[in-house]
Amino acid sequence: PCWLFCLTPLAIICTPTPHSLLLSLSNAGVGIGAYIAQWPEKILKRAGDSVTIFCYQNYSNLAYVFWYQQPPRNGLKLVVSGSTWSRNSYEDGYSEAKFEVNRESTEYTLMTIKNLTPKDEATYFCAAMYNSGLSFGSGTKITVMGKNDEIIPPAVAIFSPSKQEIQQKSKATLVCLASGFYPDHLTLVWRVNGVKRTEGVGTDESSTRNGSTYSLTSRLRMPNKSSRSYSGLCKTSLSSTHKATDNNETK
């Protein structure tokens, strides 16, 4: 973890956690009577590894299952489709040798992606046919590192609101910046007094690439309460562990 404290007037925590932002097509379980769950949410692997994504749906009539790939900043691409009574059908450019799909039962389906390369970096969605429409899982983001690449933790900074904003708009905007990290496997979560906060939060839809590293910015806007003091805390994590860095400043 990487921590940064900032003393200024309300108790605020900004917590980047591992997983870059992705575009979810729909919430899990779209469609009356159908529930679709997909896991894991995010995976960090090295080139040459394999990874398995799991999909569950609780409606036994959802015989057709589809797997989609969404590369960064691109649209959906159908990888493979199949049913309980027919063989899987792969789209051009995709093969069973690379994207192996197994239907464990009517409810459970899993897809294993073998011999990962950087080209496999994408968000993958499972979907099932329901009432002539598709219900989507929430997505699995796969990040692929080189075999010898090292994880680089971010430098984290939190910026206090300007006096002009506080005086003129009676609002306080805090900015949390994580920069210089690798791989692109990080998100930002704001907490106020220990509670996750989504209202007033604006986070970049995707990380910005700067050479071989990335940066990500998030903003939290809330009513200014100058009579109270607050401490801002930014905590980052790219993988299970990396050396912690503490920076303190008073505003």
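Nothing fancy with the numbering, it's 1 onward along the sequence.
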Can you give me every donor-acceptor pair (side chain of residues 146-159, partner residue at least two apart or in another chain, under 3.5 Å) with its distance?
{"residue": "D149", "atom": "OD2", "partner": "G146", "partner atom": "N", "Å": "2.8"}
{"residue": "D149", "atom": "OD2", "partner": "Y182", "partner atom": "OH", "Å": "2.6"}

Across all chains, not counting sequence neighbours, the side-chain contact (heavy atoms from CB on, under 4.5 Å) partners of P72 are none

Are the side chain of Q69 and the backbone N or O of V79 linked by a donor-acceptor pair below 3.5 Å?
no

Contacts of K196 meeting salt bridge (Lys or Arg N to Asp or Glu O under 4.0 Å) (sequence neighbours excluded), chain-then-number -> none

With a 4.5 Å cut-off on side-chain heavy atoms, are N210 and S179 touching? no

Residues at least two apart in sequence or cross-chain that pass salt bridge (Lys or Arg N to Asp or Glu O under 4.0 Å) with E91, listed by chain then number, are none

Sorted by chain and residue number, the side-chain hydrogen bond (donor to acceptor under 3.5 Å, both in side chains) partners of S83 (sequence neighbours excluded) come out as S86

A side-chain contact here means heavy atoms from C-beta on lying under 4.5 Å apart; do Q57 and S135 qualify? no

By ring pair (Phe, Tyr, Trp, His ring centres under 6.0 Å), F66 pairs with (sequence neighbours left out) none

message: Is there a side-chain contact between R219 and T217 in this structure, where contact means two heavy atoms from C-beta onward sitting under 4.5 Å apart?
response: yes

Could you tell me whether a side-chain N or O of Q70 sits under 3.5 Å from a main-chain N or O of T123, the two making a donor and an acceptor?
no

Requested in this report: Ignoring hydrogens and angles, tell me if any N or O in the side chain of T173 forms a donor-acceptor pair with the backbone of R221 under 3.5 Å.
Outcome: no

With sequence neighbours left out, the residues meeting side-chain contact (heavy atoms from CB on, under 4.5 Å) with F54 are W39, T52, L110

Contacts of F99 meeting ring pair (Phe, Tyr, Trp, His ring centres under 6.0 Å) (sequence neighbours excluded), chain-then-number -> Y94

Taken in chain and number order and not counting sequence neighbours, the residues that satisfy side-chain contact (heavy atoms from CB on, under 4.5 Å) with S212 are none

Residue set satisfying salt bridge (Lys or Arg N to Asp or Glu O under 4.0 Å) with K98, at least two apart, ordered chain then number -> D120

Please examine the side chains of I142 and K45, heavy atoms only from C-beta on, and report whether any two atoms are closer than 4.5 Å.
no

For residues 194-217, the ring-ring contact (aromatic ring centres under 6.0 Å, His included) pairs (sequence neighbours left out) are none

Residue set satisfying side-chain contact (heavy atoms from CB on, under 4.5 Å) with S89, at least two apart, ordered chain then number -> S81

